[in-house]
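Here the structure is a predicted model, which means the values were calculated and not measured. Values below: every heavy atom of this structure, side chains too, minus hydrogens, waters and symmetry copies.
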Amino acid sequence: MKIGYPCINRSIGCTANSTFRLASYSEERIATVVKNNLSCLRKILDFNLEKGFLFFRMSSDIVPFASHPVCKFKWASVFKKELLEMGDFIKKNSMRISMHPDQFVLLNSHDKDIVSRSVDELKWHCRFLDSMRLDGSAKVQIHVGGAYGNKTEAIKRFIKIYKQLPKLISKRLVIENDDRLFNLSDCLSIHEETGIPIIFDNFHHACNGNGTSCSDALKRAASTWREKDGALMTDYSSQEPGERKGKHAEHIDIKDFSEYLRLNSSIDFDIMLEIKDKEKSAAKALAAANKKL
DNA sequence: AGTTGTCAAGCTAGT
DNA sequence: ACTAGCTTGACAACT
């Protein structure tokens, strides 16, 4: 089991997701920003190795505007050496990597331009992971998309587009159960048709799982991951006490987390902690997990 | 130096 | 009709 946190490290004093305004785009600007982002990413991975966090989500802002028409910057060739070195480090230390393109990626949109932009966005994410020579266990996660008033049709469109995706994307793409629209059973029906692995989010399942058990859901999600996909990836978060339903917690509740581990100890899975205080909660979670072993 | 409105992209649900 | 929220943070223009 590998444990980690997404995108941002609050301890080491640099960010790997620095960006800028589109209006101030220039080749010089993007070259500088990507260089700094990669250098910080490397520092974060060093930090993570030292602390034992072997799972990390790389920010989509690491190459700002990567899929925007304005961007002609050849990041993969300019930073080839750095990227390969990063990949070697990741592989040598058996780290797990994921990326999570944002809400604008909608493969099931009615609008073909939105679909086309979404595919472009997925492409660069996959190329980024390819540039580090990471295998198919490094994943790019998205949600199914919008419902557009008819979930059945929305699911059909997702399946249709998925089947047309290039191998570059399909070997990395996974779908996550969301908290309002497409729950685990929707994702499973897409999996049936496509073979796409399902990343399991316990909090979304609690919000939108028809009251079905978390452990059973986790097992079903795990069954969608093939050997080449690696272990089941999961997102873990919990409700911020006293706040709106669905709001992520600021700090991990280690008692709940330990219980979650105990209930699911029969499955091997990796955990991305979507908790606002990032590596602080990850350290507590890792300590709890190590105590179990 | 500190404050704050705004940032490429879209959808849903709640007001 | 409008906007918070989504992995949210941080850029950049303004005091």
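Separation of the A:His143 and A:Phe182 ring centroids does not fall under the 6.0 Å cut-off. A:Phe269 and A:Trp225 have their aromatic ring centers separated by at least 6.0 angstrom. The ring of A:Tyr236 has its center no closer than 6.0 angstrom to the ring center of A:Phe203. Annotation: A:Phe65 is not in aromatic contact with A:Phe73 [ring centroid separation under 6.0 Å not met].
Between A:Lys276 and C:dT8 there is a side-chain N or O to OP1 or OP2 distance below 4.0 Å. Side-chain N/O atoms of A:His143 include none lying less than 4.0 angstrom from OP1 or OP2 on B:dG10. Considering only side-chain N and O atoms, A:His204 lies under 4.0 angstrom from the phosphate OP1 or OP2 of C:dT7.
Closest contact between the side chain of A:Phe65 and the listed nucleotides B:dA8, B:dG10, B:dA13 involves B:dA8. Picking from B:dA13, B:dG10, C:dT7 the nucleotide with the shortest atom distance to the side chain of A:Arg57 gives C:dT7. Taking the side chain of A:Arg117 as heavy atoms from C-beta on, and the options B:dA8, B:dG10, C:dT7, the nearest nucleotide is B:dG10.
Look at CD1 on A:Ile142: it is 14 Å from C1' on B:dC11, rounded to the nearest Å. As a whole-Å value, the separation of A:Ile275 CD1 from C:dC6 P is 13 Å. Atom P of nucleotide C:dT8 and atom CE of A:Met99 are separated by 17 Å, given to the nearest angstrom. For A:Gln239 and C:dG5, the CD to P distance is 13 Å, given to the nearest whole Å. Whole-Å rounding puts the A:Asp61 CG to B:dC7 P distance at 15 Å. Atom CD of A:Gln103 and atom C1' of C:dG9 are 13 Å apart (whole Å). Atom NE2 in A:His68 sits about 5 Å away from atom C1' in B:dA8, given to the nearest Å. Taking atom NZ on A:Lys112 and atom P on B:dG10, their separation rounds to 15 Å, with Å as the unit.
With centroids closer than 5.5 Å and planes inclined by less than 30 degrees as the test, A:Phe104 and the base of B:dG10 fail to qualify as a stacked pair.
Taking atom C1' on both C:dA1 and B:dA9, the two are 22 Å apart, rounded to the nearest angstrom. Rounded to whole Å, the separation between the P atoms of C:dC14 and B:dA8 comes to 16 Å. Annotation: B:dG10 and C:dG9 have their P atoms spaced 23 Å apart (nearest Å). Between C:dT7 and B:dG5, the two C1' atoms lie 22 Å apart (nearest whole Å). For the C1' atoms, the distance from C:dA4 to B:dT6 is 15 Å, rounded to whole Å.
Heavy atoms of A:Ser118 sit nowhere under 4.0 angstrom from any nucleic acid atom. Base engagement by A:Asp102 is indicated by at least one non-hydrogen atom pair under 4.0 Å involving a base atom. Nucleic acid contact for A:Pro69: none, since no nucleic acid atom lies under 4.0 Å from a heavy atom of the residue.
The local environment of NZ in A:Lys160 is sparse, with at most 12 non-hydrogen atoms from other residues, nucleotides or ligands closer than 6.0 Å. Other residues, nucleotides and ligands contribute over 12 non-hydrogen atoms within 6.0 Å of the CD atom of A:Gln164.
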* Asked: Given pairs defined as Watson-Crick or G-U wobble with both distances under 3.5 Å, what dot-bracket annotation applies to DNA chain C, with ( ) intrastrand, [ ] crossing, | other strand and . unpaired?
  -> ||||||..|||||||
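Contact of the A:Met272 side chain with the A:Pro6 side chain is registered, since non-hydrogen atoms from C-beta on lie closer than 4.5 Å.
With A:Phe104 as the aromatic partner, A:Arg117 does not meet the cation-pi criteria of under 6.0 angstrom to the ring centre and within 45 degrees of the ring axis.
In this structure, the side chain of A:Ser109 does not engage the main chain of A:Leu106 through any donor-acceptor pair within 3.5 Å.
The two atoms that bring A:Arg29 and A:Ser24 nearest to each other are NH1-OG, 3.6 Å, heavy atoms only.
Near DNA chain C, defined here as any heavy-atom distance below 4.0 Å, the residues from residues 1-22 of chain A are A:Ile8, A:Arg10, A:Thr15, A:Ser18, A:Thr19, A:Phe20, A:Arg21, listed numerically.
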* **Full working for salt bridge (charged side-chain N to carboxylate O under 4.0 Å, His left out) between A:Arg57 and A:Glu274** => CA-CA 10 Å; A:Arg57 181 186 298 164; A:Glu274 293 189 333; 2.9 Å; yes
